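What you see is a predicted model; the values in this text were computed from it and never measured. Order of listing sets the numbers, starting from 1, for every ligand and every atom in it. Numbering of residues begins at 1 and proceeds along the displayed sequence.
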Amino acid sequence: MKTISRRALLKFSSGSLLLGLSPFLRANTAAAADVTAVRIWPANAYTRLTLESDLPIEYKYFALTNPGRLVLDLQGIGINTVLQSLPQKVLPFDPYIGSVRIGQFNENTVRVVMDLKASVNPQVFALKPVADFKNRLVIDLYPSATQQEEADPLMALLQDYNRGKINSDGTSKITDKTTVAQAPTPPVRPAPPEIPEDTPVFISPKNFYRKPIIVLDPGHGGEDPGAIGPSGLREKDVVLAIARETKKRLDELGYKTYLTRNEDVFIPLGVRVAKARKLKADVFISIHADAFTNPAARGTGVYAISQKGATNAAAKYLAQTQNNADLIGGVSYSADKHVNNTLFDLTQTATVNDSLKLGKGVLNALGKINKLHNNTVNQANFAVLKAPDIPSILVETAFISNPTEEKLLGSTQFRQQTALSIVSGVKTYLATAVLARS
Ligand SMILES: [Zn+2]
């Protein structure tokens, strides 16, 4: 009796104590996070599972074999209807996740079990709120090393990036110098038998008579949709369609063309540049669709990197929003922000001039199919244009935030016209590159 009354008293006083505390402290002691959204982005490169919540979620994870599973233990959350919807988000073509199960493991722990279809290298990390996103817990399932070699060896760059082995300008922190030094020099041939007659032949001091290598970079992807039009058209889908169309046309001309992504997957900016460098690209073209708060804003624009800063306020604003892609898409390791400045300065001046030449050719061609919002190539510090040795441009095809231009971007005809304009600009550039370097 005595004990009970003492307990009751203690309970009462702790209760009244809690009431007297500030909401901040109470939030800290209670710390129950609500899952507000769940998403799964299946892709061959990697599958991403995202849990979004109002407060950060405490987590632990471990792998189990036979059969392969990834177990994620979440602390201080409840199973709500949002979290319950997660198993239905698994798609049949997901290369890595077969199914997901959720259960209350003990009083404080909710357990999420992912049944795996293949052996994976998991990367689990938390992201702070950014843009429209709240707190995110991200589970990236990468293919194991052997599978990766078979699928796309370049995708190993993604994991290197997340482990902090790649700089934000696409150069490698550890092995880059030796890689460059040991790279085999393409054989010098007197004539290009495999190139059709109408293909311009690119000549650089190192390589004679070989197929030009073009890397096309469709912006955004996966968790990062890019800009979204008034009727719901997503930039990431539009630019992938345009890039695929452009690749088809360039391949027909005999160029070697690669895409930085060919599926709906988020690829960090540094990895896009690293891919282009690994492929020893002659030309890098990032493809985007513009957006602005004022729906009347319209037109096509072409951008190149600047060492001195943006040529105008709009270009500066655009570079800032585009450079935010890594925050929005979410990378586990924030790569070194200090670019290798020595390398940058040595080669960048020549590359900027070439980029401007390339940009001018593409801009002139695009000017025939849509209004240009500027008659010159604008310059700003875009992270994705920072390959120190590859002429690189960023094409803003049209404003997806403008209802009329959103319709354009949704049409097959405009996508084809845009692709043909980029091809025409590349041809013009490569033709002048022959004159300039021969
Ligand atoms: Zn974009």
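Residue Glu235 approaches the Zn ion (ligand 1) most closely through its N/O/S atom OE2. Among the heteroatoms counted here (N, O or S) of His288, ND1 is the one nearest to the Zn ion (ligand 1).
Donor-acceptor pairing under 3.5 Å is lacking for the side chains of Asn135 and Ser53. Defined by atom type and a distance below 3.5 Å, a donor-acceptor pair is missing between the side-chain atoms of Ser401 and Glu406.
For Lys248, the salt bridge (Lys or Arg N to Asp or Glu O under 4.0 Å) partners at least two apart in sequence or on another chain are Glu245.
At a cut-off of 2.8 Å, Asp290 does not coordinate the Zn ion (ligand 1) through any N, O or S atom.
Remark: Lys117 NZ is packed, more than 12 non-hydrogen atoms of other residues, nucleotides or ligands lying under 6.0 Å away.
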